[in-house]
Amino acid sequence: QVQLVESGGGLVQAGGSLRLSCAASRRTLSSYAVGWFRRAPGKEREFVAAISWSGSSTYYADSVKGRFTISRDNAKNTVYLQMNSLKPEDTAVYYCAARGSSALSTMRSEYYYWGQGTQVTVSS
């Protein structure tokens with residue numbers, strides 16, 4: 001079983017940047033595709049970005065394309081989400097998730113392991 005821990009959230013002004021980290025323990029993350037999701041107050045959890053096990057394939061929600069970058073360092077068992085040009089509408093709890101497949105997915109139901117989430121708040 002993979003245990004995931006997110007970090008790097010916080011309070012930032014609009015236009016600022018944050019880098020989220022998703023660290024895995026108990027098992028290596030290198031054979032798993034990983035996704036980032038977020039849940040804003042009063043809304044459903046939504047897909048943000050995903051990366052294949054090798055890092056060769058990535059996919060982004062339209063709302064973050066061009067502003068967010070997902071990457072991974074399998075040697076460090078960590079996946080990152082670099083968030084630039086943040087907007088107040090990016091405010092949410094951000095979760096990383098892993099699925100037992102090398103291929104990425106945008107579907108929440110296809111991810112088996114989830115972290116506890118990290119809060120990102122963007123002030124206007």
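- Using a 4.5 Å heavy-atom cutoff, the side chains of L4 and V34 are not in contact.
- Applying the salt bridge (Lys or Arg N to Asp or Glu O under 4.0 Å) test to residues at least two apart or on different chains, the pairs with a partner in residues 83-107 are R38-D90, R67-D90, R99-E110.
- Residue pairs meeting the salt bridge (Lys or Arg N to Asp or Glu O under 4.0 Å) criterion with at least one partner in residues 4-15, sequence neighbours excluded, do not occur; the list is empty.
- For the pair W36 and S21, the tightest heavy-atom approach, listed with the atom from each and the gap, is CH2-O, 3.7 Å.
- No donor-acceptor distance shorter than 3.5 angstrom exists from the side chain of N74 to the backbone of T28, with no hydrogens or angles considered.
- The backbone N or O of R45 lies less than 3.5 Å from a partner atom in the side chain of R108, making a donor-acceptor pair.
- In this structure S57 satisfies the side-chain contact (heavy atoms from CB on, under 4.5 Å) test together with S52, L104, sequence neighbours excluded.
- Closest non-hydrogen pair, R72 versus L29, comes out as NH2-O, 2.7 Å.
- Minimum heavy-atom separation, A14 to S124: CB-CA, 4.4 Å.
- Note that CZ of F68 is 9.5 Å distant from OG of S17, once rounded to the nearest 0.5 Å.
- For S25, the side-chain contact (heavy atoms from CB on, under 4.5 Å) criterion is met by Q3, not counting sequence neighbours.
- Note on L20: it clusters hydrophobically with V64, by side-chain heavy-atom contacts below 4.5 Å among ILVMFWY residues.
- Within 6.0 Å of atom OH in Y59, 12 or fewer heavy atoms from other residues, nucleotides or ligands are found, so the atom counts as exposed in its surroundings.
- Distance OG1/T69 to CE/M83: 11.0 Å, rounded to 0.5 Å.
- Using a distance-only test at 3.5 Å, with no hydrogens or angles considered, no donor-acceptor pair links the side chain of D73 to the main chain of T78.
- Linking ILVMFWY residues whenever their side-chain heavy atoms come closer than 4.5 Å, directly or via other members, leaves Y95 and V120 in distinct clusters.
- A continuous path of Ile, Leu, Val, Met, Phe, Trp and Tyr side chains, each step under 4.5 Å between heavy atoms, connects I51 with Y60, placing both in one hydrophobic cluster.
- Sorted pairs that involve residues 75-84 and meet salt bridge (Lys or Arg N to Asp or Glu O under 4.0 Å), not counting sequence neighbours, are lacking altogether.
- A 4.5 Å side-chain heavy-atom check between Y112 and V2 finds every atom pair outside the cut-off.
- The hydrophobic cluster containing V12 also contains Y94, counting ILVMFWY residues as joined when their side-chain heavy atoms lie under 4.5 angstrom apart, directly or transitively.
- The backbone N or O of V122 lies less than 3.5 Å from a partner atom in the side chain of T91, making a donor-acceptor pair.
- Take F37 and apply the ring-ring contact (aromatic ring centres under 6.0 Å, His included) test, not counting sequence neighbours, and it matches F47, Y111, W114.
- Note that OH of Y80 and OG of S7 are 9.0 Å apart. Values are rounded to the nearest 0.5 Å.
- Within 6.0 Å of NZ on K65 lie more than 12 heavy atoms contributed by other residues, nucleotides or ligands.
- Of the inter-residue distances, the one linking Y32 atom OH with N77 atom CG reads 10.5 Å to the nearest 0.5 angstrom.
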